[in-house]
Amino acid sequence: MHLFDSLPGLAPGLLAAVAVVFLLAGLAKGVVGMGLPTISMALLALFMAPAQAAALLVVPSLVTNLWQARPLSTLMPLLRRIGPMQLGVCAGTLAGAAVFGAPAGAWGAVALGAALLAYAAWGLFGTPRALPPRSEAWLGPCVGLLTGAITALTGVFVVPAVPYLQSLALDKDALIQAMGVSFTVSTVALAAGLWLNGSYGAGAAGASFAMLGPALLGMAAGQRLRRTLSPRMFRLCFMASLAALGAYQVIEGLGF
């Protein structure tokens, strides 16, 4: 059986294009600490079903985010603070998978485009505000539930998780680690949701594993690039590109 036989509609000739997508997504993650699943879903959804794209990103996303969730010495204190949010992510993703099924169809593309537009708009124009600590106990699980539902519907798990994490007044290293933890939990929950809907088996896992190499190569290059490129300029280009891709997905999904 060919590596991609379990993902109908993905011809072997598209392997190089898929690898380039993960190379670019890894590059973005290496520079700004996020973007691998978002860019992967946005670009892959241009030529395959969202459920196929979501299945492919599981292993690269899991491994790169586990790497980002280090160091272990600061992990437990962080988990005590954002743990309720992660429980909400799991519950929201699994509930969303049961209600929506695997990401698919025109409305899946519209939802993905809307999520990308919302995230890009926040990244370009939003100003994170520090939340009072007393609100974290109830707001964290709510943000997690909503993030999980969006993850199940679109395969993208940055909205509203990242804006919330940025509002916790964490220092730069703690914020990068918190995003790694949150993205890791979301990836595992997404894989479970895809498996429950029959979209993630051994073949899909193998195809996803094959994309780990390009993603890690891109991430390493991005970390090198981060030393010479202005993060502000890169983030501006990154968000503008996501907005364009999101608009395309909405227009295409609605049939305009």
Side-chain angles (χ1 to χ4, degrees), residues 2-32 34-61 64 100-121 123-124 150-159 183 186-187 190 193-194 197 199-200 203-204 207-208 210-215 217-219 222 234-256:
H2 191 275
L3 186 62
F4 291 102
D5 284 349
S6 61
L7 300 175
L10 181 61
L14 292 177
L15 176 59
V18 174
V20 169
V21 166
F22 279 97
L23 184 70
L24 293 173
L27 182 71
K29 186 172 182 64
V31 174
V32 298
M34 58 183 175
L36 189 146
T38 309
I39 292 179
S40 299
M41 284 296 299
L43 293 178
L44 292 175
L46 296 177
F47 53 88
M48 69 175 65
Q52 293 176 327
L56 282 174
L57 70 84
V58 168
V59 173
S61 179
T64 55
F100 304 128
W107 286 111
V110 171
L112 172 58
L116 291 173
L117 281 171
Y119 178 46
L124 290 170
I150 293 173
T151 297
L153 188 62
T154 69
V156 174
F157 35 76
V158 295
V159 181
F183 297 162
S186 292
T187 301
L190 175 62
L194 290 169
N197 284 299
S199 298
Y200 195 72
S208 182
M211 294 301 104
L212 178 59
L217 183 62
M219 188 173 179
F234 183 88
R235 188 178 182 83
L236 178 63
C237 296
F238 172 53
M239 293 299 176
S241 299
L242 288 185
L245 287 168
Y248 175 84
Q249 289 294 322
V250 171
I251 293 171
E252 183 76 8
L254 293 176
F256 293 145

Roughly how far apart are [X] [atom1] and [Y] [atom2], rounded to 0.5 Å?
X: T154; Y: L116; atom1: OG1; atom2: CG; result: 7.5 Å
X: M34; Y: T64; atom1: CE; atom2: OG1; result: 13.5 Å
X: T38; Y: K29; atom1: OG1; atom2: NZ; result: 9.0 Å
X: L43; Y: M48; atom1: CG; atom2: CE; result: 10.5 Å

Looking only at heavy atoms, what is the nearest atom pair of [X] and [Y], with distance?
X: L57; Y: S40; answer: CB-CB, 4.5 Å
X: A42; Y: L245; answer: CB-CD1, 3.7 Å
X: P60; Y: S208; answer: CD-OG, 3.2 Å
X: P214; Y: A210; answer: CD-O, 3.6 Å
X: A115; Y: V159; answer: O-CG2, 3.8 Å
X: L36; Y: A215; answer: CD1-CB, 3.9 Å

Using a 3.5 Å cut-off and no angle test, enumerate the donor-acceptor pairs between side-chain atoms of residues 16-26 and protein atoms at least two apart in sequence or in another chain.
none

>> Between L15 and M211, is the side-chain contact (heavy atoms from CB on, under 4.5 Å) condition met? List the steps.
In response: CA-CA 9 Å; L15 176 59; M211 294 301 104; 3.6 Å; yes
>> Applying ring-ring contact (aromatic ring centres under 6.0 Å, His included), can you list everything that pairs with F157, at least two apart in sequence or on another chain?
In response: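 Partners of F157 under the ring-ring contact (aromatic ring centres under 6.0 Å, His included) test: F183.
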> Where do F100 and N197 land on the side-chain contact (heavy atoms from CB on, under 4.5 Å) test, with the steps shown first?
Replying inline: CA-CA 10 Å; F100 304 128; N197 284 299; over 6 Å; no
>> Among residues at least two apart in sequence or on other chains, which ones pass side chain to side chain donor-acceptor pair (under 3.5 Å) with T187?
In response: S61
